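Structure first, commentary second.
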Amino acid sequence: MKIAIASDHGGLNLREEIKSLMDEMGIEYEDFGCECETSVDYPDYALPVAEKVAGGEFDKGILICGTGIGMSISANKVKGIRCALVHDVFSAKATREHNDSNILAMGERVIGPGLAREIAKVWLSTDFEGGRHENRVGKITAYETK
Ligand code: RB5
C-alpha cells in the first residue's frame, strides 16, 4: 500500500505525526508538502494528491489542514475520490468498510495527535466490506461518469 500525504500550514505538525505512525506501521508514503510554515492555499495540496490517488499512482491519500474541511471539499472535486473528513475512530472504521473512502482528511486544530493517530491507524488497516455497499458506492461513481 502506497500513501500520498500532504497538508497546508495548519496541518504541518499533524502531518509529521501521521508520517511517524506510517513509519511504525511499515507503510510506504510520499510527502507532497507543504514545505513552509507561511500561509499556503489548501487546494494547491489537496488537488494534486487527489489526482494521484484517482489516477492510481497511490492507493490512498491523507490530507490535513486546520479543520480538514478545505482539504476534503477540494479532494472531493476530483472524479473517483471519496474523501472522508473524520474526527472519531468509529467513523474511521465505518468509512472504510461502507464508503471505501480513498482519502482521509483530518483537522489539526480540531483533534489532538493521539486521537488522530488512532483514527489514521484504523483507517489505514480497515478493508472495504463490499456487498450491499458496493452498489451504493457504484451509484456515486455512475453519477460522476454520466
Ligand atoms: C488555514 O488558516 C485554514 O483555513 C485551513 O487550514 C483549513 O482549516 C481550511 O479548511
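From a predicted model like this one, the values you see are computed outputs, not experimental measurements. For ligands, and for the atoms within them, numbers begin at 1 and follow the listed sequence.
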Quick check: does [X] get an N/O under 3.5 Å from an N/O on ligand 1?
X	answer
Cys65	no
Asp8	yes
Gly10	no

Atom 10 (O) of ligand 1 - nearest protein heavy atom and its distance: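 Result: Gly70 N, 2.8 Å.
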For atom 3 (C) of ligand 1, what's the nearest protein heavy-atom neighbour? Residue, atom name and distance, please.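 Going by distance alone, atom 3 (C) of ligand 1 is nearest to Arg109 NH1, 3.8 Å.
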Should Met71 be listed as contacting ligand 1, given a heavy-atom distance under 4.0 Å as the test?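 Not so, Met71 does not reach ligand 1.
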Given side chain to side chain contact (heavy atoms under 4.5 Å, CB included), test Phe58 with Met1 step by step and report yes or no. CA-CA 8 Å; Phe58 289 82; Met1 178 161 59; over 6 Å; no
Is atom 8 (O) of ligand 1 near the protein, in the sense that some protein heavy atom lies at less than 4.0 Å from it?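 Within 4.0 Å of atom 8 (O) of ligand 1, protein heavy atoms are found.
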For ligand 1, which atoms have a heavy atom of [X] less than 4.0 angstrom away?
X	answer
Thr67	7 (C), 8 (O), 9 (C), 10 (O)
His9	1 (C), 2 (O)
Gly66	5 (C), 6 (O), 7 (C), 8 (O)

Using every non-hydrogen atom in the two residues, find where His87 and Ile119 come nearest and quote the distance to one decimal.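 Result for this residue pair: C-CD1, 3.4 Å.
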Would Thr67 and Cys65 satisfy side chain to side chain contact (heavy atoms under 4.5 Å, CB included), going step by step from the backbone distance to the final call? CA-CA 6 Å; Thr67 59; Cys65 62; 4.2 Å; yes
Under 3.5 Å, is there a donor-acceptor pair between the Arg15 and Ser7 side chains?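 Result is yes, a qualifying pair exists.
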Presence of salt bridge, Lys19 and Asp23, under 4.0 angstrom: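 No salt bridge links Asp23 with Lys19.
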Glu24 and Arg117 ion-paired at < 4.0 Å: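 A salt bridge links Glu24 with Arg117.
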With under 30° as parallel and over 60° as perpendicular, where do the rings of His98 and His133 fit, or are they tilted in between?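 His98 vs His133 ring planes: parallel.
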